[in-house]
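Here is the structure we will look at.
Chain letters run A, B, ... following the sequence lines, proteins first, then strands; residues in each count from 1. Treat the numbers as computed from the prediction; the structure is a model and nothing was measured.
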Number of protein chains: 2
Amino acid sequence: MTKNEAIGALIEEGQNWFLPSLSVDCVIFGFHDGELKVLLLKHRHLNMWGLPGGFVYKDEPADVAAQRVLQERTGLQEIFLQQFHTFGDMERYDKEFHNRDLKKDGITVQSDHWLLQRFVTIGYYALVEFSKVSPSEDTLTEKCLWWDIRKVPSLMLDHKKILDKALQTLRMQLNYQPIGYNLLPEKFTMPELLKLYETILDKKLDRRNFQRKILNYGILRRLKEIKKGVAHKAPYLYSFDLNRYQEALSVGLQGGW
Amino acid sequence: MTKNEAIGALIEEGQNWFLPSLSVDCVIFGFHDGELKVLLLKHRHLNMWGLPGGFVYKDEPADVAAQRVLQERTGLQEIFLQQFHTFGDMERYDKEFHNRDLKKDGITVQSDHWLLQRFVTIGYYALVEFSKVSPSEDTLTEKCLWWDIRKVPSLMLDHKKILDKALQTLRMQLNYQPIGYNLLPEKFTMPELLKLYETILDKKLDRRNFQRKILNYGILRRLKEIKKGVAHKAPYLYSFDLNRYQEALSVGLQGGW
DNA sequence: ACAAAAGTGTTACTTTTACACCCATGA
DNA sequence: TCATGGGTGTAAAAGTAACACTTTTGT
């Protein structure tokens, strides 16, 4: 399907397929080279960067839609997506936003066309293992790339706000949920885990106190060491104890009341 | 406006006024007699209990809609509502749900009528001071009452699930946010605050340790005592230090990393 | 042999827990 | 006067913060 065919189908049939006025957007975090990354798409028809997003089929649960949209737009499969906020302000609504670009492509639609209506979007976020992702484009997407969280380009509509909210949520979760599985390779070192936390929080932590605290959570298993080929002393490798990890996820980490 | 007129207007004009397929629902918590309460409506046309909810005008921010809906249905004004989750599963969708009741009223609508479509709903919750609320009904509502959280009746659609999620969220928030303002009278005693926490968490806390911890947050001001007319020793009265309270809200209470 | 990274440990301090005791009040 | 609820305190345990020292490795 060519670009214009794809857009054409969406414009013609979209209102029959999808729930009107509702969309989903995904904030996909990855970790690489000591940097927290986010996956962004450059939309062909809009010529702008934005979060992977899409619409919800009329008979499709919203959570499934998020999953599907992500798969369609990036090739990513079976990712654990978590809903974090729904964005329903009017500032989201720029009636001319899509229209400008459609016109540029020589496409004209009526002013009450569903694509030009106001949309409320449900935000989802996920943490994924960077190395396992091979971002891929589709007919509507020109580029699909990881961006350093501190260097994201200008984003369409309110996507920057959505991204910020996702990051804020992630930092909160760090306080009462184990994080790292899905974000690190199967086996990783303590310094790597430390670096992950420091990167997400954007601050230095004492490596010794960090190690003690994280080990006390009881969600890690230390393996036979190595991490060969590295300069200086070889660090131990760890992996998550999935059972304990899951339990910590449901129960929460630090007590409170 | 009579019941049927109100319903009639909604059926005729609703699709012109509101965003299709989207609604808001409010979980309003109150505290009274040592019980955590939730405000429920009995819908005239459905003859069932449910959360106060409604639709979003096409040019209205979702947060404002929640506010308005609450005002319309309960008379409650200027309540701090917090969005906590959006419910977009298919289990929400019972096509016959409204239709049955419309038929009962002798109203017939086409099967593709907007009211019969699937809806995604944004959940909001609030904590309010019980005594300041005088629940009031409107044309669509037969009753508006506080229910003990442990004794809620059977609710329409997935409202029980929404309520449970709100409660779960509230309990979480307790761990990193100050709670009590809006939920207690202007002046209150330490035992009352304790009881509030115990009620929300549904467990006993040590009153002495509780007092020390909560005072250390620095969000309370102790007033000249009294709380007269009470049996036994008269407890001190406290009130929230609004400045500190607000700051604690934004910064969060317990450290984490 | 040495710089840099990683492992381990120690001490002071704070917070949490689990208690005991005294005081004020209405019945 | 006494039972009950409320104010205050204290000692032990657990957790956190701020450190120093040793070990390993590639150059």
Side-chain angles (χ1 to χ4, degrees), chain A residues 33-34 174-178 180 184-185 187-199 201 203-239 244 248 251-257, chain B residues 33-34 174-178 180 184-185 187-199 201 203-239 244 248 251-257:
Chain A
D33 277 347
L174 223 51
N175 288 328
Y176 55 92
Q177 276 186 17
L184 290 171
K187 300 173 182 182
F188 52 89
T189 67
M190 192 56 74
E192 282 166 356
L193 185 58
L194 170 66
K195 185 72 189 169
L196 171 62
Y197 271 70
E198 289 184 335
T199 304
L201 295 169
K203 73 173 170 192
K204 272 271 164 212
L205 300 174
D206 183 286
R207 70 187 172 89
R208 295 154 286 189
N209 294 334
F210 173 80
Q211 168 155 337
R212 181 172 8 214
K213 188 167 174 177
I214 207 95
L215 283 177
N216 277 340
Y217 286 165
I219 56 172
L220 292 177
R221 252 199 322 257
R222 192 166 90 173
L223 312 174
K224 311 301 165 198
E225 63 165 287
I226 58 166
K227 180 72 179 187
K228 291 187 185 174
V230 74
H232 319 301
K233 184 168 182 175
Y236 286 100
L237 285 173
Y238 293 82
S239 68
R244 304 250 193 168
V251 178
L253 281 177
Q254 27 223 78
W257 300 96
Chain B
D33 276 347
L174 222 51
N175 288 329
Y176 55 91
Q177 275 187 16
L184 290 172
K187 300 172 181 184
F188 52 89
T189 67
M190 192 56 74
E192 282 165 356
L193 185 58
L194 170 66
K195 185 70 188 172
L196 170 62
Y197 271 70
E198 289 184 334
T199 304
L201 294 169
K203 74 173 171 192
K204 271 270 165 213
L205 300 173
D206 183 288
R207 70 188 170 90
R208 295 153 287 189
N209 294 335
F210 173 81
Q211 167 156 337
R212 180 171 11 209
K213 189 167 173 177
I214 207 95
L215 284 177
N216 277 342
Y217 286 166
I219 56 173
L220 292 177
R221 252 199 323 257
R222 192 166 90 173
L223 313 174
K224 310 303 167 197
E225 64 166 284
I226 57 164
K227 182 71 180 185
K228 291 186 186 173
V230 73
H232 319 301
K233 184 169 182 176
Y236 285 102
L237 285 171
Y238 292 83
S239 68
R244 303 247 194 172
V251 177
L253 281 177
Q254 27 223 80
W257 300 96

A:Ile214 CD1 to D:dG15 C1', straight-line distance once rounded to whole Å: 15 Å
Minimum-distance nucleotide (side-chain atoms of B:Asn209 versus D:dG6, C:dT17, D:dT16): C:dT17
Length of the CD-P vector between B:Glu192 and D:dG5, whole Å: 15 Å
Derivation of the side chain to side chain contact (heavy atoms under 4.5 Å, CB included) call for A:Arg222 and A:Leu215: CA-CA 10 Å; A:Arg222 192 166 90 173; A:Leu215 283 177; over 6 Å; no
Length of the CG-P vector between A:Leu237 and C:dG7, whole Å: 10 Å
Most 5' of B:Arg222 and A:Arg207 on DNA chain D, judged by nearest nucleotide: B:Arg222
Whole-Å gap separating P (C:dA6) and CG (A:Leu205): 15 Å
Among D:dA17, C:dT8, D:dT8, the nucleotide that comes nearest once only the side chain of A:Arg212 is considered: D:dA17
Sugar-phosphate only, base, or nothing, as touched by B:Asp206 at under 4.0 Å among non-hydrogen atoms: base
Atom-pair distance (CZ on B:Phe210; P on C:dT17), nearest Å: 13 Å
B:Trp257 side chain vs A:Leu174 backbone, donor-acceptor pair below 3.5 Å: yes
Distance-only donor-acceptor test, A:Arg208 side-chain atoms vs C:dA6 base atoms, 3.5 Å: no
Nucleotide N/O to protein N/O under 3.5 Å, stretch nucleotides 24-27 of chain D:
from, atom 1, to, atom 2, distance (Å)
D:dT24, O2, A:Lys233, N, 3.3
D:dT25, O4', A:His232, O, 3.3

